[in-house]
Amino acid sequence: MASMSLAPVNIFRAGADEERAETARLSSFVGAIAIGDLVKSTLGPKGMDKILLSGGKDGSVTVTNDGATILKSIGVDNPAAKILVDMSKAQDDEVGDGTTSVTVLAAELLREAEILIARKIHPQTIISGWRAATKAAREALGEAAVDHGADEVRFNEDLMNIARTTLSSKLLTHHKDHFANLAVQAVLRLKGSGNLEAIHVIKKLGGSLVDSYLDEGFLLDKKIGVGQPKRIENAKILIANTSMDTDKIKIFGSRVRVDSTAKVAEIELAEREKMKEKVERILKHGINCFINRQLIYNYPEQLFANAGVMAIEHADFAGVERLALVTGGEIASTFDHPELVKLGHCKLIEEVIIGEDKLLHFSGVAMGEACTIVLRGATQQILDEAERSLHDALCVLSQTVKETKTVFGGGCSEMLMAHAVTELATRTPGKESVAMESFAKALRMLPTFIADNAGYDSADLISQLRAAHSEGKKSFGLDMKNGTVGDMEALGITESFLVKRQVLLSAAEAAEMILRVDNILKAAPRKRVPDYYPC
C-alpha cells in the first residue's frame, strides 16, 4: 500500500501568499482597528490635528484634522484598512462631512466583533444581529429628525447651526460664526440647485482668517494684457481653448533653407499674417473680451489692444470651465462660424486688488447665484485647511437644502440610536441579542471619544448621558464648552440628518464586509525583467 504524504499541498504560484481562517480575520481586524485609532483623536470640537509630511524633494507639509485628507495621504498595505480608506473617501464625496466618524464607528464595530468571535459566536450570527440593529438605529434616527423646511426663518437658523457645528471641529472653530454666515449666504444664493461649481474659493496669503469675505460675482486670478482696457461694461466674452501660434513651423527637426535674410523675413511675415487672420476671425464674433486657456503671444495681444478688446491669457482650466458656467458661455476652439458660438455675458469687468495681487472681477454675471469666497490667512497651511473646512460646510449645507431634516449633534444621535438598539436586544432571544448589544456599545464609543479628546471624564459623562436618554430626554448630548451634559436644542448643536444616516449605513456595511472575510489571497509580485537593450 502506497504511503500518503501529509505535507500541505501548495496550489499557488511561487511568491503568492495565503492567510486562512483566524489568521486572515485577525489581520483584517488589526488593520481596520489601527486605522480607527489613527483618526479617533481628531474627533469632536476639541480634536487634535495631524501633520502630514509628503515624500519627495519638496516635502510639502499639510496640517489637518479632516479624516478623509489624513487617510488619503497615508500609504496603506492592509486590505481591510484600504476598505475603510475607500469608505471615508465615499463619505466625503457623498455628503462632505462625517469622514472621521464613519471610520471610527466601523473600527469600533470590528473591535466588538473581535471580542464576540473570541467567545465562539459565528460571524454570520453577528452580521444578522448587526443588520437588525442597523434597521432599529435608522428608524430611531428618522423618528428623532426635525424638519423645518416649510418655515424659512427656522430653517435658516438650522442651516446656521449646522454650519457652526460642522466648523466647530475644524481649524475655523474660533471664527465659526463668521464662516458659518459666509457658507450659508453662499449656499442660499444657489436657490436649491446645490451646484457648488458656482461657488469659487480663492486663497490669498496675508491678513487674518477674519478678513475672509464673500464677493458676489466671479474673481479670476489673472492680469489684463498690455495697453488693453482695464474696465469693460456690458461685456461680451469669448472663452476659448485654442493655440494662438498653431501656424508656426513646429515639426521636430524641420529645416528651411533660404539664400538670403529677406526670405527669412518673408517666412516670419507669412506667420504673422496667419496670426493676424486668426485674430480677425475672433474679432468677427463682436466681442470686447477674449479669455484663452492657452498663451496669447505678443503680436496677437497687440492686435487685440488696437481693437480695444481685453485679452486674458493662460486662465487655468478649472477657472475657464467655471467662468463659462457662470457667464452662460461655451468654450470654443474654432472660430469659422461665429453664429454657432455661444458668448458669455456680464455687466462689468474690472481690476481689483486683494492683498498685493491684482485680480479680475466679473460682476452681474448671467448665472446670478455665482459668488466667490476669498480666504485670507497667515500661512499656506492655514489657507489650505480653511478651504477644506469650508468645503465640508458647503457640502453639508447644500445637501441639507435638498433634504431639510436635521438631528441633534454632540453625541445625542448616537446615544439615541444606541438606546433603541439596546431596547431591541432585550426583546430578542438568542445570540443575535449579544451582537446587538455590541452594536450599541460601538455607537456609544463615538461620544466617549469626543469627551476623551476634550480631556473630560468620559465614563462619568457617558453614564449621565445614558441615564438622561433612559429618562426620555431625547435631545440631550455633550456640551464640550462646559464639560457637562446639556440640551442640544437649547445649545443649537444641530447636524444634517443625511450625514448621520450615511455614517451609520456606511460603517455598518464596511464592518460587515470585513467580518465576512475568512481568507486573504495575495498575488505573486510581478518580476522585474532586466533590460539588456543598449541605451
Side-chain angles (χ1 to χ4, degrees), residues 96 159 163 166-167 170-172 175-224 230-233 235 237 239 289 291 293 310 312 314-329 331 344-377 380 382-398 401:
L159 289 177
T166 305
L167 294 171
K170 315 280 183 192
L171 171 84
L172 304 175
H175 315 292
K176 62 184 176 188
D177 287 337
H178 177 64
F179 282 97
N181 192 34
L182 290 186
V184 170
Q185 278 182 34
V187 168
L188 288 178
R189 283 179 66 88
L190 299 179
K191 301 181 180 73
S193 72
N195 183 8
L196 293 179
E197 281 293 311
I199 301 172
H200 186 36
V201 179
I202 281 186
K203 300 175 287 186
K204 282 291 165 193
L205 274 172
S208 68
L209 285 168
V210 192
D211 297 331
S212 305
Y213 63 92
L214 179 77
D215 194 302
E216 294 180 10
F218 184 84
L219 282 167
L220 189 67
D221 196 356
K222 288 292 159 193
K223 292 183 177 67
I224 298 166
K230 303 290 181 190
R231 176 187 166 93
I232 289 180
E233 291 182 9
I237 309 162
I239 303 159
C289 179
I291 298 173
R293 163 78 181 83
M310 179 190 286
I312 299 147
H314 221 256
D316 61 282
F317 197 74
V320 165
E321 289 266 303
R322 196 177 268 118
L323 188 63
L325 174 77
V326 300
T327 57
I331 299 172
H345 296 273
C346 80
K347 287 179 182 172
L348 177 66
I349 305 175
E350 61 184 341
E351 222 171 26
V352 293
I353 296 174
I354 299 172
E356 295 178 354
D357 299 324
K358 287 182 180 177
L359 288 90
L360 286 175
H361 184 241
F362 296 76
S363 51
V365 290
M367 191 183 195
E369 51 261 41
C371 61
T372 304
I373 296 174
V374 181
L375 292 177
R376 308 298 310 277
Q380 193 60 44
I382 288 174
L383 284 174
D384 291 342
E385 180 64 358
E387 185 187 23
R388 280 190 290 272
S389 305
L390 196 62
H391 174 262
D392 284 3
L394 290 170
C395 287
V396 173
L397 289 172
S398 68
V401 169

Query raised in the report: How far apart are the C-alpha atoms of Phe179 and Thr166, what are their side-chain angles, what is the distance that settles it, and do they pass the side chain to side chain contact (heavy atoms under 4.5 Å, CB included) test?
Result: CA-CA 11 Å; Phe179 282 97; Thr166 305; over 6 Å; no

Report task. To the nearest 0.5 angstrom, please state how far the SG atom of Cys289 sits from the CD1 atom of Ile224. Result -> 8.0 Å

Report summary line: Rounding to 0.5 Å, atoms CZ (Arg293) and NE2 (His314) come to a distance of 6.0 Å

Requested in this report: For residues Leu323 and Phe362, determine if any side-chain heavy atom of one lies less than 4.5 Å from a side-chain heavy atom of the other.
Outcome: yes

Report summary line: In this structure, CG of Leu182 is separated from NE2 of His175 (nearest 0.5 Å) by 12.0 Å

Query raised in the report: Excluding sequence neighbours, so at least two apart, what forms side chain to side chain contact (heavy atoms under 4.5 Å, CB included) with Ser398?
Result: Leu196

Query raised in the report: From Leu214 CG over to Cys371 SG, what is the distance, rounded to the nearest 0.5 angstrom?
Result: 4.5 Å

**Report entry** Any residue meeting salt bridge (Lys or Arg N to Asp or Glu O under 4.0 Å) with Arg376, in chain and number order, not counting sequence neighbours
**Finding:** none

Query raised in the report: Any chance CD of Glu216 has more than 12 other-residue heavy atoms, nucleotides or ligands included, within less than 6.0 Å?
Result: no

Report task. Mind checking side chain to side chain contact (heavy atoms under 4.5 Å, CB included) for His391 and listing every partner two or more places apart, or none if nothing turns up? Result -> Cys395

Query raised in the report: If only atom types and distance count, is the side chain of Lys222 paired as donor or acceptor with the main-chain N or O of Leu360 below 3.5 Å?
Result: no

Requested in this report: Would you sort out whether Cys346 and Ile232 count as a side chain to side chain contact (heavy atoms under 4.5 Å, CB included), showing the intermediate values?
Outcome: CA-CA 9 Å; Cys346 80; Ile232 289 180; over 6 Å; no

Report summary line: Contacts of Lys358 meeting side chain to side chain contact (heavy atoms under 4.5 Å, CB included) (sequence neighbours excluded), chain-then-number -> Glu351, Ile353

Report task. Considering non-hydrogen atoms only, spot the tightest contact between Leu394 and Ala186 and give its length. Result -> CD2-CB, 4.2 Å

Query raised in the report: Just wondering, do Glu321 and Leu325 contact through their side chains at under 4.5 Å, heavy atoms?
Result: no

Report summary line: For Leu383, the side chain to side chain contact (heavy atoms under 4.5 Å, CB included) test, sequence neighbours excluded, returns Lys203, Leu205, Leu375, Gln380

Query raised in the report: If you take all heavy atoms of Ile239 and Ala324, which pair is closest and at what distance?
Result: CD1-CA, 3.6 Å

Query raised in the report: Got Leu219 and Val352 here, is their nearest side-chain heavy-atom distance under 4.5 Å?
Result: yes

Query raised in the report: Which residues pass the ring pair (Phe, Tyr, Trp, His ring centres under 6.0 Å) test with Phe218, sequence neighbours left out?
Result: His200

Report task. Go through the structure and list residues passing salt bridge (Lys or Arg N to Asp or Glu O under 4.0 Å) with Asp211, not counting sequence neighbours. Result -> none

**Report entry** His361: side chain to side chain donor-acceptor pair (under 3.5 Å) partners, not counting sequence neighbours
**Finding:** Asp215

Query raised in the report: Hey, what do you get for CG (Leu190) to CD1 (Ile199), rounding to the nearest 0.5 Å?
Result: 4.0 Å

Query raised in the report: Between Leu171 and Ser389, what is the shortest heavy-atom contact and its length?
Result: N-OG, 4.0 Å

Query - Within 6.0 angstrom of Lys230 NZ, more than 12 heavy atoms from elsewhere - result: yes

Query raised in the report: Between Lys204 and Asp221, does a side chain to side chain contact (heavy atoms under 4.5 Å, CB included) hold up when you go through it step by step?
Result: CA-CA 10 Å; Lys204 282 291 165 193; Asp221 196 356; 2.9 Å; yes

Query raised in the report: How far does CG of Leu348 sit from OG of Ser363, to the nearest 0.5 angstrom?
Result: 4.0 Å

Report task. Quick one: closest heavy-atom pair of Met310 and Arg231, and the distance? Result -> CE-N, 4.3 Å

Report task. Would you mind reporting whether Ile237 and Ile349 have side-chain heavy atoms less than 4.5 Å apart? Result -> yes

Requested in this report: Begin from the C-alpha positions of Val187 and Leu159 and carry the test side chain to side chain contact (heavy atoms under 4.5 Å, CB included) through to its verdict.
Outcome: CA-CA 10 Å; Val187 168; Leu159 289 177; 5.7 Å; no

